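Below: one structure, written as structure tokens.
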Amino acid sequence: MTASSPSLLQGLNPEQLAAVTWPPQSALVLAGAGSGKTRVLTTRIAWLLQTGQVGVHGILAVTFTNKAAKEMQTRLAAMVPVNVRTLWLGTFHGLCHRFLRLHHRDANLPSAFQILDSADQLALIKRLLKSLNIAEEIIAPRSLQGFINAQKEAGLRAGVLDAGPDPYSRRLIECYATYDALCQQEGVVDFAELMLRSYETLQQHAVLRQHYQNRFRHILVDEFQDTNKLQYAWLKLLAGDGAAVFAVGDDDQSIYRFRGAHVGNMTQLMRDFGIDAPVKLEQNYRSDGHILTAANAVIAHNSERLGKNLRTDAADGEKIRFLQAADDESEALFVSDEARSLEREGWDLRQIAVLYRSNAQSRVLEQALFQRGIPYKIYGGLRFYERQEIKHALAYLRLMVNPHDDNALLRVINVPARGIGSRSVENLQAAAADAGTSLWQAACALAPKQAKIAAFVRLVENLHSHIGHGSLEDWVKSAIVESGLPDYYRNQKGEHQERLDNLEELVHAAQAFKPQESAFEVLPENTDDSNPAFPLLAFLSNAALEAGEHQAAGDTPALQLMTVHAAKGLEFDAVFLTGLEEGLFPSEYSLAERDGLAEERRLMYVAITRARKRLYLSMAQQRRLHGQTHFGLASRFVDEIPAAVLHRLSPQGARAHYAEPLPVRRHDSPPAAAPQLAGFAIGQNVRHDKFGTGVIIDGTDKGESARLTINFGKNGIKELDTRFAKLTVV
DNA sequence: CTCTAAGAGATTTTT
DNA sequence: TCTCTTAGAG
């Protein structure tokens, strides 16, 4: 074995070095925000390879997002020469997809199975409910979708679910069973199915299981705190008795419980794999001291942590600025003005983020930024492969590979309009149901009698005939042109140019597409699967698994707007954390859930640790939400930040003054001219001996005194008379 | 088929 | 308040 080259381990701190050179045993690495997590993970792989402890063949490296997988791949390639084809590095779903392509027969799937994205899944569910004659008022399609996905992510099939006495649950379970049968019949798998089917296939086929258990000696997992129960079971099954699992994660950054993430997997891993204690990475290379102090202080309010405290060699830096704005509009204007000032001072707008708890908050911010002419970019819109025109084009491509894809057929049988209205489609569906065939077969049967359906059948047959000659790019071009989509969009009034551009872009994407994964390579053992449509199949799978960027990178510098969730894993020179109000952040919903507050606090921790140099916190005393005015108190999370690192800005002329420390001064007059309420006013913050601090949300003047409605946050909303209640203005 | 109007629902989201 | 979806009329 050659000694590892010094350059590989150079520059690692002692913690990182310990993690990277961990003996070939399982480990749980607790990696704090900004502690060099990705570096440790990739260097560990490089080190294992370089020291000859394992071949590329013996490594399985799993991430959650395509972005993270690519990042690792790039970094790894820079460290050691790796054959990307033999390395199993990818997302959970990407790897399961590869596995199912390779072993589709064992998994009982057709070789050309297709992947349903969430929207496709929902469409199929709606169709299913209709066919079962279940009104959407009885079972909402979205809740059924949530139910099915949750069950699959818990590893449960309809057959093993206990209906119990509740007829609604029984209904859901029946729908789940029918849904699975329908998917199987149509040869489609949803995201959760990719995982579950892989897991079951491994479980049921001992030879296959042993093959992979013997093969993967080192299993490395990124963002381990985000794994759900099924993913954990899958990892455990693959690891078997012999593999070393190297899991990197941060329990304090677990913010995806609502979609099935199970932090308990971290302690479970320690138990199942005999790990005595986690390896901790606590040295932070991102944020200045005060920012870290705030982050540590906030997260310390959570119990049941694995325990970790970030430290830095950096200076304290600037204090955290906190603004209590009168309302959401002034908050937004403050952010806008401040961002512009920062830009003038030489900060890069791309390195400044505006974060919020919920997407609805972005509107006010957008308006203010637009008003001030500050370029911004929002993360969270439709992604490339989710756009209507792209999904239409993809539906034609799917019919090209497999005309029995009912979802695809229904999507485009009348787009562009070709005289096959809802009535004709219903007839078609009835015919298919009667004959027990796909819609395509029913359409072919009806074609001799109905000219319009015959035309559509001819179109699809013609598309199908392209396969076997020409390139992927040619096929995509043909599908777009022959479908008539470009004319359809050209003839539509309104903005169609963007859609036409996107269709053009789809052709470019096909041109540039190279299937990266070996899943589509023809294996010696299944040579009969040399399906000539494989490039298209790979292209379609890629479109479903990797829906593309939320926003084109763009070259003009722009402020970055996103939810706190979307900001996880990113970092910025300056961060504006807005809407820090009780009920918003922490969200009202979370307070009702068990451990909901702890998760919100982790979210706050994530938000704080995004900032390198400067952090702004802001709240609005009055905010319009869903058409109603809400009066909110400052978030409890702000109070959890030590006063010593917090600098409260005065709302008036915050910009003009904040260069010098200001005395604590709060806004003490309501934004709207309010009637005198015995010296109080709506919107004011007041303190009561028993109820604590609250905000006046309503009041009636009674001459000498006033009757005030006060929101005391967690202590409830009280009506108090100023004659009796001892209230002091804060 | 397309347009309009009315109604419901409105954390967080990757694959 | 706003946005998305769907039902019904033209």
Side-chain angles (χ1 to χ4, degrees), chain A residues 62-69 90-97 115-122 126 135-137 140-143 146 149 152-153 189-196 222-223 226-228 230-231 254-261 328 355-364 367 379-381 383 385-386 414-425 488 491-494 541-550 562-569 579 583-593 596 599-600 602-604 606-607 623-630:
Chain A
V62 202
T63 66
F64 272 88
T65 64
N66 292 299
K67 202 174 149 198
T91 65
F92 277 101
H93 294 87
L95 294 170
C96 283
H97 169 245
I115 302 171
L116 297 179
D117 69 13
S118 309
D120 298 330
Q121 184 188 32
L122 189 63
K126 283 183 180 171
E136 298 194 353
E137 288 77 43
R142 281 198 186 278
S143 61
N149 290 338
K152 288 192 180 183
E153 279 160 15
V189 289
D190 58 51
F191 288 135
E193 186 71 25
L194 287 171
M195 286 288 329
L196 183 53
D222 188 24
E223 304 277 18
D226 287 338
T227 50
N228 62 35
L230 177 58
Q231 285 158 341
S254 165
I255 57 173
Y256 284 114
R257 195 180 52 166
F258 69 91
R259 68 175 197 213
D328 45 359
L355 308 183
Y356 34 80
R357 175 67 239 266
S358 71
N359 285 306
Q361 290 165 249
S362 74
R363 236 194 63 247
V364 199
Q367 276 167 357
Y379 286 80
R383 296 147 102 209
Y385 286 107
E386 291 169 352
N414 203 33
V415 180
R418 43 178 76 90
I420 307 173
S422 52
R423 196 59 186 273
S424 312
V425 173
Y488 171 71
N491 294 333
Q492 274 200 345
K493 54 180 178 184
S541 299
N542 182 263
L545 284 172
E546 196 172 342
E549 290 292 319
H550 272 297
M562 65 192 83
T563 62
V564 179
H565 281 92
K568 189 173 159 236
L584 234 201
F585 196 0
S587 88
E588 216 159 1
Y589 297 84
S590 73
L591 300 176
E593 291 166 29
E599 176 119 336
E600 293 288 303
R602 291 193 287 268
L603 200 50
M604 180 72 180
V606 167
R623 179 182 298 277
R624 302 193 67 174
L625 253 179
H626 309 321
Q628 278 181 325
T629 305
H630 291 250

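Keep in mind that this is a model prediction, so the values were computed, not measured. In what follows, chains carry the letters A, B, and so on, assigned in the order in which the sequence lines appear, proteins first and then strands, with residues in each chain numbered from 1.
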Which parts of nucleotides 7-12 of chain B does protein reach within less than 4.0 Å, heavy atoms only, written one letter per nucleotide 5' to 3' as B for base, S for sugar-phosphate only and - for none?
---BBB

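The side-chain hydrogen bond (donor to acceptor under 3.5 Å, both in side chains) test applied to A:S424 returns no partner, not counting sequence neighbours. For the salt bridge (charged side-chain N to carboxylate O under 4.0 Å, His left out) test, residues two or more places apart in sequence or in another chain that qualify with A:E223 are A:K37, A:K568. In terms of the salt bridge (charged side-chain N to carboxylate O under 4.0 Å, His left out) criterion, residue partners of A:E593 (sequence neighbours excluded) are, by chain and number, A:R257. Residues forming a side-chain hydrogen bond (donor to acceptor under 3.5 Å, both in side chains) with A:Y589 (at least two apart in sequence, or on another chain): none.
Rounded to whole angstrom, the span from the CG atom of A:D120 across to the C1' atom of B:dT15 amounts to 13 Å. Atom C1' of nucleotide B:dT15 and atom CD of A:E153 are separated by 9 Å, given to the nearest angstrom. Protein atom CD of A:Q121 is 11 Å distant from nucleotide atom C1' of B:dT15, rounded to whole Å. Here the P atom of nucleotide B:dT14 and the CG atom of A:D190 are 17 Å apart, to the nearest Å. Per the geometry, CZ belonging to A:F64 stands 9 Å off C1' belonging to B:dT14, to the nearest Å.
If you take CG on A:L116 and CG on A:L194, they are separated by 9.5 Å, rounding to the nearest 0.5 Å. Taking CG of A:N228 as the reference point, atom CZ of A:R259 lies at 9.5 Å (rounded to 0.5 Å).
At the heavy-atom level, A:L116 lies nowhere under 4.0 Å from the strands shown. If you check every strand for non-hydrogen atoms under 4.0 Å, A:N414 touches sugar and phosphate atoms only. Note on A:N66: only backbone sugar-phosphate atoms sit closer than 4.0 angstrom, heavy atoms only; bases stay farther off. Using a 4.0 Å heavy-atom criterion, one finds that A:K568 contacts no nucleic acid atom at all.
Taking a cutoff of 4.0 Å between a charged side-chain nitrogen and a carboxylate oxygen, A:E600 and A:R357 qualify as a salt bridge. The pair A:K126-A:E136 does not count as a salt bridge, with every side-chain nitrogen at least 4.0 angstrom from each carboxylate oxygen.
Interface limits on DNA chain C: the 5'-most and 3'-most nucleotides within less than 4.0 Å of chain A heavy atoms are C:dT1 to C:dT6.
Between A:R418 and A:T65, the residue whose closest nucleotide on DNA chain B is further toward the 5' end is A:R418.
Between C:dC4 and B:dT13, the distance separating the two P atoms is 15 Å to the nearest Å. B:dT12 and C:dT5: their C1' atoms are spaced 22 Å apart (whole Å).
In terms of heavy-atom proximity, A:T227 sits nearest to A:F92 at CG2-CZ, 3.7 Å.
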